[in-house]
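Since the structure comes first, as structure tokens, the remarks are kept for the end.
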Amino acid sequence: MVNFYWTDKEDVITGEVAQEGFDYGSEETEAESSSLAIHQVMDYLVEQIYDNCQYEEYTVEQTEDEIYIKNLDGKILEYYYGFFVDSLIEKAMDDAGLSVREMAEQFEIPINTLKIWIEGWPVSPDWAEGLILEKLESMKMEW
């Protein structure tokens, strides 16, 4: 199971300062990779917008990593971004008993890249994530 989160910063878009930080929403689904998981939740969110939107006349624009709800004049009414997932690599790494440093050294992955993946940003390309998870699973079995 993969957890997704999205950030709604409507108050910042309208010029108000968010006093209490970010609002988070989450959905759960199963996906073969983190980038597929993010696309699934973005598609789900767009469906929810169409089903429940309070605006009378609007358009929804979806980019690779952002969703905009705009009025017919193009003014942004709502903006969703900051999509990330619970790290599949972090869980597999923990299960295999590897620290971040050990993982970076054994897999010859730059430590900063690995830290970004652990924070929940998608691994690109998807096949690389699959190979890493497969190798970590085999290491867990040996351990």
Side-chain angles (χ1 to χ4, degrees), residues 1-140:
M1 199 57 76
V2 178
N3 291 320
F4 311 93
Y5 304 90
W6 60 81
T7 305
D8 174 356
K9 296 289 289 173
E10 178 183 8
D11 51 352
V12 171
I13 295 302
T14 58
E16 299 172 10
V17 177
Q19 297 293 325
E20 298 183 28
F22 303 105
D23 295 327
Y24 291 101
S26 66
E27 285 301 319
E28 292 188 6
T29 191
E30 292 186 26
E32 294 177 12
S33 71
S34 54
S35 62
L36 286 173
I38 287 173
H39 289 295
Q40 285 178 7
V41 79
M42 288 178 75
D43 291 344
Y44 169 82
L45 183 55
V46 168
E47 281 180 33
Q48 295 302 306
I49 290 168
Y50 281 123
D51 290 346
N52 304 305
C53 194
Q54 73 237 14
Y55 306 109
E56 289 184 25
E57 296 181 339
Y58 65 94
T59 61
V60 177
E61 293 180 21
Q62 183 175 351
T63 68
E64 187 67 26
D65 58 358
E66 300 169 322
I67 299 171
Y68 298 90
I69 302 174
K70 297 180 178 182
N71 68 15
L72 298 182
D73 294 331
K75 179 183 176 203
I76 296 172
L77 303 170
E78 292 184 33
Y79 173 51
Y80 297 87
Y81 72 102
F83 295 85
F84 59 93
V85 296
D86 286 349
S87 176
L88 300 175
I89 289 181
E90 181 180 29
K91 181 180 179 339
M93 188 178 75
D94 289 344
D95 290 348
L98 293 175
S99 70
V100 173
R101 183 167 305 286
E102 291 168 332
M103 168 96 177
E105 288 172 2
Q106 286 190 24
F107 284 72
E108 297 181 10
I109 298 170
I111 198 160
N112 288 334
T113 299
L114 185 55
K115 287 178 180 179
I116 289 169
W117 294 346
I118 289 170
E119 289 174 5
W121 297 101
V123 178
S124 185
D126 290 345
W127 60 263
E129 182 178 36
L131 289 174
I132 292 167
L133 293 171
E134 187 178 303
K135 178 64 177 171
L136 286 169
E137 181 65 25
S138 71
M139 292 173 75
K140 181 177 100 174

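Every value quoted in this text rests on a predicted model; they were computed, and no experiment measured them.
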Pairwise side-chain contact, [X] with [Y], heavy-atom cut-off 4.5 Å (strictly under):
{"X": "Glu90", "Y": "Glu119", "answer": "no"}
{"X": "Met103", "Y": "Leu136", "answer": "yes"}
{"X": "Asp95", "Y": "Glu137", "answer": "no"}
{"X": "Leu114", "Y": "Phe107", "answer": "no"}

Closest approach of [X] and [Y], non-hydrogen atoms and distance?
{"X": "Ala96", "Y": "Met139", "answer": "CB-CB, 4.2 Å"}
{"X": "Met42", "Y": "Gln62", "answer": "CB-NE2, 3.5 Å"}
{"X": "Ile49", "Y": "Tyr58", "answer": "O-OH, 3.7 Å"}

Drop me the distance from [X]'s [atom1] to [Y]'s [atom2], to the nearest 0.5 angstrom.
{"X": "Lys70", "Y": "Tyr79", "atom1": "NZ", "atom2": "OH", "value": "10.5 Å"}
{"X": "Ile67", "Y": "Ile69", "atom1": "CD1", "atom2": "CD1", "value": "8.0 Å"}
{"X": "Met93", "Y": "Ser99", "atom1": "CE", "atom2": "OG", "value": "7.0 Å"}
{"X": "Thr113", "Y": "Ile118", "atom1": "OG1", "atom2": "CD1", "value": "11.0 Å"}

Output all residues satisfying side-chain hydrogen bond (donor to acceptor under 3.5 Å, both in side chains) with Tyr68, sequence neighbours left out; order by chain, then residue number.
-> Glu66
State whether the number of non-hydrogen atoms from other residues, nucleotides or ligands found under 6.0 Å of Glu134 atom CD is greater than 12.
-> no
Positive for side chain to side chain contact (heavy atoms under 4.5 Å, CB included) with Glu129, one of Leu131, Leu133, Ile132 = Leu133
Using only heavy-atom distances, determine whether the side chains of Tyr55 and Glu78 contain a donor-acceptor pair under 3.5 Å.
-> yes
How would you list, by chain and number, every residue that makes a side-chain contact (heavy atoms from CB on, under 4.5 Å) with Ile111, sequence neighbours excluded?
-> Val100, Arg101, Ala104, Lys115
Could I get the full list of side-chain contact (heavy atoms from CB on, under 4.5 Å) partners for Asn71, not counting sequence neighbours?
-> Asp73, Lys75, Leu77
